Amino acid sequence: MPTKCEACPLRGKSLFLPFAGEELAFMQRFKAGELSVEPGSQILMEGANSPQLFTVLRGLGLRYKTLPDGRRQVVNFIFPGDFLGMQAGLMGEMRHSVEATTQMTLCVFNRSDIWSLFRSQPHRAFDMTWLSAVEESFLGEALTRIGQQSAVERICWALLRIYYRADQLGMVHDGGMALPYRQQDLADALGLSLVHTNKTLAKLRESQLASWQDGRLRINDPDALARIAGMEGEEIARRPLM
C-alpha cells in the first residue's frame, strides 16, 4: 500500500522542515501513488517529456548527462527526499537523466497537477522553487571545486557532503554508512580519472582519515576532512520535503 503522507518516514528526519497541517493534507491529495524501481532502472531520460514528478522515499540514485558519443557525466548523487522531474515540468523536457543505483521507492505526482500547487498552496510552490534554487547553487559550488581545487580537496568535499547528508537522514551508524556507488561515479562527478581517484582514496585510507571499501564509507575525522576541503563551519541547511 502507498505510504500516507502523515506516516512518511522522512518527516521526522532532522534534514527536513516540518509540514503545516493544511500542507500535509494537500500533499496527500497531490500524491498520485508510488513507484518501485530496480537498481539500474532509468527513472527520467534526458530529452524526454515526463508526465510525472517524483520524490525519493527510499533508495539512492544518480543524475547524469550524456554526450553524443555516449560518454557520461555524473551531475550529482540522489538521496531520499530529493525532488525529481522539475526540468520537464517547467522546460518541457529533461536536460539530464536519472538512474536508480539501489532499489528505490518514489512518491509519484502528476505534472498536470502542478499548477494547482501554485494556485492553492503558494508556500508549497515557494518550497519547490527553493529546491530548484538550491540545486543551481550546488552545481555552482561543484563547478568551483572542480575548477579550483586539487583532487584530495575535491574528494574530501564530496565525501563530507555525502556523509553529512546521510547523517541527517539517519543513514550513518557507528561512523559509517552504506555507499553503493562506484568509484567511477565519484571520479566522473569530480572531473577526475579513476586512477587518480583510487590513489587519492588510498591516501585518505592510509592516513586513517576516511575509507570507502566494499560499498561502505567511514569518516574517521570529519574535522580534518573539512579543513582539507575548505568546509570548516559549513552545515547542510534544512530543506522542505515535497
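Just so you know, these numbers come straight off a predicted model, no measurement behind them. We count residues from 1, following the sequence as given.
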### Message
With rounding to the nearest 0.5 angstrom, report the CG to CG distance, Asn110 to Leu53.
### Response
8.5 Å
### Query
What's the shortest heavy-atom distance between Asp82 and Ile78, and which atoms?
OD2-CA, 3.4 Å
### Query
Do the charged groups of Arg71 and Asp69 touch, with an N to O distance under 4.0 Å?
yes
### Query
In this structure, which one of Thr105, Thr3, Thr55 forms a side-chain hydrogen bond (donor to acceptor under 3.5 Å, both in side chains) with Glu34?
Thr3
### Task
Let me see the working for Leu204 and Ile155 under side chain to side chain contact (heavy atoms under 4.5 Å, CB included), right down to the final yes or no.
CA-CA 10 Å; Leu204 292 175; Ile155 288 177; 3.9 Å; yes
### Message
In terms of relative ring orientation, are Phe118 and Trp115 parallel, tilted or perpendicular, with 30° and 60° separating the classes?
### Response
tilted
## Note on the structure
For Leu57 and Cys8 the tightest heavy-atom approach is CD1-SG, 3.9 Å
### Query
So if you build clusters from Ile, Leu, Val, Met, Phe, Trp, Tyr with side-chain heavy-atom gaps below 4.5 Å, do Val74 and Leu143 land together?
no
### Message
Minimum heavy-atom separation for Trp212 and Tyr181, please, with both atom names.
### Response
CZ2-O, 3.1 Å
### Query
Any ion pair linking Asp188 and Lys65 (charged N to carboxylate O, less than 4.0 Å)?
no
### Query
Near Gln103 CD, under 6.0 Å, is it more than 12 heavy atoms from other residues, nucleotides or ligands?
yes
### Over all atoms of both residues, closest heavy-atom pair of Leu60 and Pro80
CD2-CD, 4.0 Å
### Message
How long is the straight-line distance from CD1 of Ile228 back to OG of Ser207, given to the nearest 0.5 Å?
### Response
7.0 Å
### Query
Can any side-chain N or O of Arg218 pair as donor or acceptor with the backbone N or O of Ser211 at less than 3.5 Å?
no
### Query
For the atom pair CG (Leu15) and CZ (Arg238), what is the distance rounded to the nearest 0.5 Å?
8.5 Å
### Query
Are any of the side-chain heavy atoms of Gln73 and Leu67 separated by less than 4.5 Å?
no
### Message
Is any side-chain heavy atom of Phe16 closer than 4.5 Å to one of Gln168?
### Response
no
## Note on the structure
Distance col, row Arg58:CZ vs Leu169:CG, nearest 0.5 angstrom, shows 13.0 Å
### Query
Is the shortest side-chain N to carboxylate O distance from Arg72 to Glu46 below 4.0 Å?
no
### Carboxylate-amine/guanidinium proximity below 4.0 Å for Lys13 and Asp167
no
### Message
Check this for me: Gln148, atom CD, are more than 12 non-hydrogen atoms of other residues, nucleotides or ligands nearer than 6.0 Å?
### Response
no
### Task
Return the minimal non-hydrogen interatomic distance between Ala226 and Leu160, and the atom names on each side.
N-CD1, 3.3 Å
#### Entry: Connected via hydrophobic side-chain network under 4.5 Å: Leu106 and Tyr64
no
### Query
Closest heavy-atom contact between Ala189 and Ile146?
O-CD1, 3.4 Å
#### Entry: Heavy-atom donor-acceptor pair, Arg216 side chain to Leu179 backbone, under 3.5 Å
no
### Query
Taking the side chain as C-beta and beyond, is there a heavy-atom pair between Leu24 and Glu22 under 4.5 Å?
no
### Query
Are the side chain of Asp221 and the backbone N or O of Leu209 linked by a donor-acceptor pair below 3.5 Å?
no
### Message
Suppose we screen for side chain to side chain donor-acceptor pair (under 3.5 Å). Which residues come up paired with Asn76, at least two apart in sequence or across chains?
### Response
Arg63, Glu135
### Query
Counting N and O atoms only, with roles assigned by atom type, does the side chain of Gln149 sit under 3.5 Å from a partner on the main chain of Ala229, one being a donor and the other an acceptor?
yes
#### Entry: Side chains of Ser120 and Phe26 in contact at under 4.5 Å (non-hydrogen atoms)
yes
### Message
Rounded at 0.5 Å granularity, tell me how far CZ in Arg154 sits from CG in Leu159.
### Response
13.5 Å
### Query
Has the side chain of Ser41 got a donor or acceptor atom that lies under 3.5 Å from a matching backbone atom of Val37?
no
### Query
Cationic tip of Arg124 within the cone over Phe19's six-membered ring, i.e. under 6.0 Å and within 45° of the normal?
yes
#### Entry: Electrostatic pair Arg145:Glu153 at N-O distance under 4.0 angstrom
no
### Task
Take Lys199 and Thr197, measure what side chain to side chain contact (heavy atoms under 4.5 Å, CB included) needs, and give me the verdict at the end.
CA-CA 5 Å; Lys199 288 181 178 180; Thr197 299; over 6 Å; no
### Task
Before giving the answer on side chain to side chain contact (heavy atoms under 4.5 Å, CB included), spell out for Leu241 and Met27 the whole-Å C-alpha distance, their side-chain angles and the decisive distance to 0.1 Å.
CA-CA 10 Å; Leu241 176 64; Met27 291 307 296; over 6 Å; no
### Message
I'd like to know whether Gln28 forms a side chain to side chain contact (heavy atoms under 4.5 Å, CB included) with Glu6, so could you lay out the CA-CA distance, the side-chain angles of the two residues, the decisive distance to 0.1 Å, and finally the verdict.
### Response
CA-CA 8 Å; Gln28 185 62 66; Glu6 63 184 13; 5.7 Å; no
### Query
Would you call Asp113 and Lys31 a salt bridge, using N to O less than 4.0 angstrom?
no
### Task
Would you confirm whether Tyr163, through its side chain, and Ala158, through its main-chain N or O, come within 3.5 Å as a donor-acceptor pair?
no
### Task
Begin from the C-alpha positions of Arg161 and Glu141 and carry the test salt bridge (charged side-chain N to carboxylate O under 4.0 Å, His left out) through to its verdict.
CA-CA 12 Å; Arg161 290 280 304 201; Glu141 181 182 0; 3.4 Å; yes
### Message
Between Arg239 and Leu17, is there a side-chain heavy-atom distance shorter than 4.5 Å?
### Response
no
### Query
In Å, rounded to the nearest 0.5 Å, how long is the span from CZ of Phe30 to CE of Met242?
6.0 Å
### Query
Would a hydrophobic clustering, with Ile, Leu, Val, Met, Phe, Trp and Tyr connected at side-chain separations under 4.5 Å, put Leu194 with Leu217?
no
#### Entry: Pair Phe83 and Phe54, ring centroids less than 6.0 Å apart
no
### Task
Return yes if some donor-acceptor pair links the side-chain N/O of Glu99 with the main-chain N/O of Gln42 below 3.5 Å, else return no.
no
